[in-house]
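Note that the structure is predicted; figures quoted are calculated from it, not measured. Values below: every heavy atom of this structure, side chains too, minus hydrogens, waters and symmetry copies.
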Amino acid sequence: MATRAAVVAEAATWIGTPYHHQGRVKGVGVDCAMLLCDVYYTCGIIPYIDPRPYPMDWMEHRSNEVFLEWVEQYGAVTQSPAAGDVVMFRFGRCYSHGGIMLNDRELIHSYRKEHCVTRSDLSDARLAGRPVKFYSLWAN
């Protein structure tokens, strides 16, 4: 199984990739869900997953935790996030934005507001104060 460092290194290769809803092509376009799917698949941690199609605003009209249910199939909740863990934020009515932790404070995510895959801190004003959950894809 890939190491946490390998996950972080793979995620970093996506930085600057434009945001594109349902995209999954490094350097061309990706959204937050597809970023997670591809990074963890490339590192051999999860099987190939393709949850498409899904509407861009699904979290504003539904309460079912579609994204979270996927993450929970492969990860366990952790209170101490570490490099390579998944972070999920609640936007709208459910947890609908995900990223990959670089350490206990920073993450890489495909953020529509930034228009690309970027590095952020948990204290970023757009993320801070939102309900957040962390998941480890490694056995504890």
Nearest heavy-atom neighbours spanning G27 and P18: O-CD, 3.7 Å
Partner residues of D104 under the salt bridge (Lys or Arg N to Asp or Glu O under 4.0 Å) criterion, sequence neighbours left out: none
Separation of H20 NE2 from R112 CZ (nearest 0.5 Å): 13.0 Å
Closest non-hydrogen atom pair between C43 and V7, with its separation: SG-CA, 3.8 Å
Sequence-distant partners of S123, side chain to side chain contact (heavy atoms under 4.5 Å, CB included), two or more places apart: R105, D121
Contacts of type side chain to side chain donor-acceptor pair (under 3.5 Å), residue E69, not counting sequence neighbours: none
With sequence neighbours excluded, residues passing side chain to side chain contact (heavy atoms under 4.5 Å, CB included) with Y74: I46, P47, I49, W70, L137
Min side-chain heavy-atom separation M34-D38 under 4.5 Å: no
Heavy-atom closest pair, residues R126 and F91: O-CZ, 3.9 Å
Contacts of type side chain to side chain donor-acceptor pair (under 3.5 Å), residue D85, not counting sequence neighbours: R4, S136
Non-neighbouring partners of V25 that pass side chain to side chain contact (heavy atoms under 4.5 Å, CB included), sequence neighbours left out: V28
For the student: nearest non-hydrogen atoms of P53 and Q22, plus distance: CA-OE1, 3.5 Å
Validation row: F89, L122 side chains within 4.5 angstrom (heavy atoms): yes
Spatial distance of atom CG (L35) from atom OH (Y40) [nearest 0.5 Å]: 8.5 Å
Approximate separation, where rounding is to 0.5 Å, of R130 CZ and D124 CG: 10.5 Å
L127 side, atom CG; L107 side, atom CG - distance, nearest 0.5 Å: 6.0 Å
Partners meeting side chain to side chain contact (heavy atoms under 4.5 Å, CB included) with K133 (sequence neighbours left out): L68, Y95, Y135
Euclidean distance, I108 CD1 relative to T118 OG1, rounded to 0.5 Å: 9.0 Å
is_close_aromatic(F67, H97), centroid dist under 6.0 Å: no
Residue pairs, two or more places apart or on separate chains, that pass salt bridge (charged side-chain N to carboxylate O under 4.0 Å, His left out) and touch residues 7-19: E10-K26
Partner set under side chain to side chain donor-acceptor pair (under 3.5 Å) for R119, not counting sequence neighbours: E106
Non-hydrogen side-chain atoms of D31 and Y19 separated by less than 4.5 Å: yes
From M88 atom CE to S96 atom OG, the distance as rounded to the nearest 0.5 Å: 7.0 Å
Residues forming a side chain to side chain donor-acceptor pair (under 3.5 Å) with S120, sequence neighbours excluded: H109
For R52, all residues meeting salt bridge (Lys or Arg N to Asp or Glu O under 4.0 Å), sequence neighbours excluded: D50
Shortest non-hydrogen separation from A83 to L102 and the atoms involved: CB-O, 3.3 Å
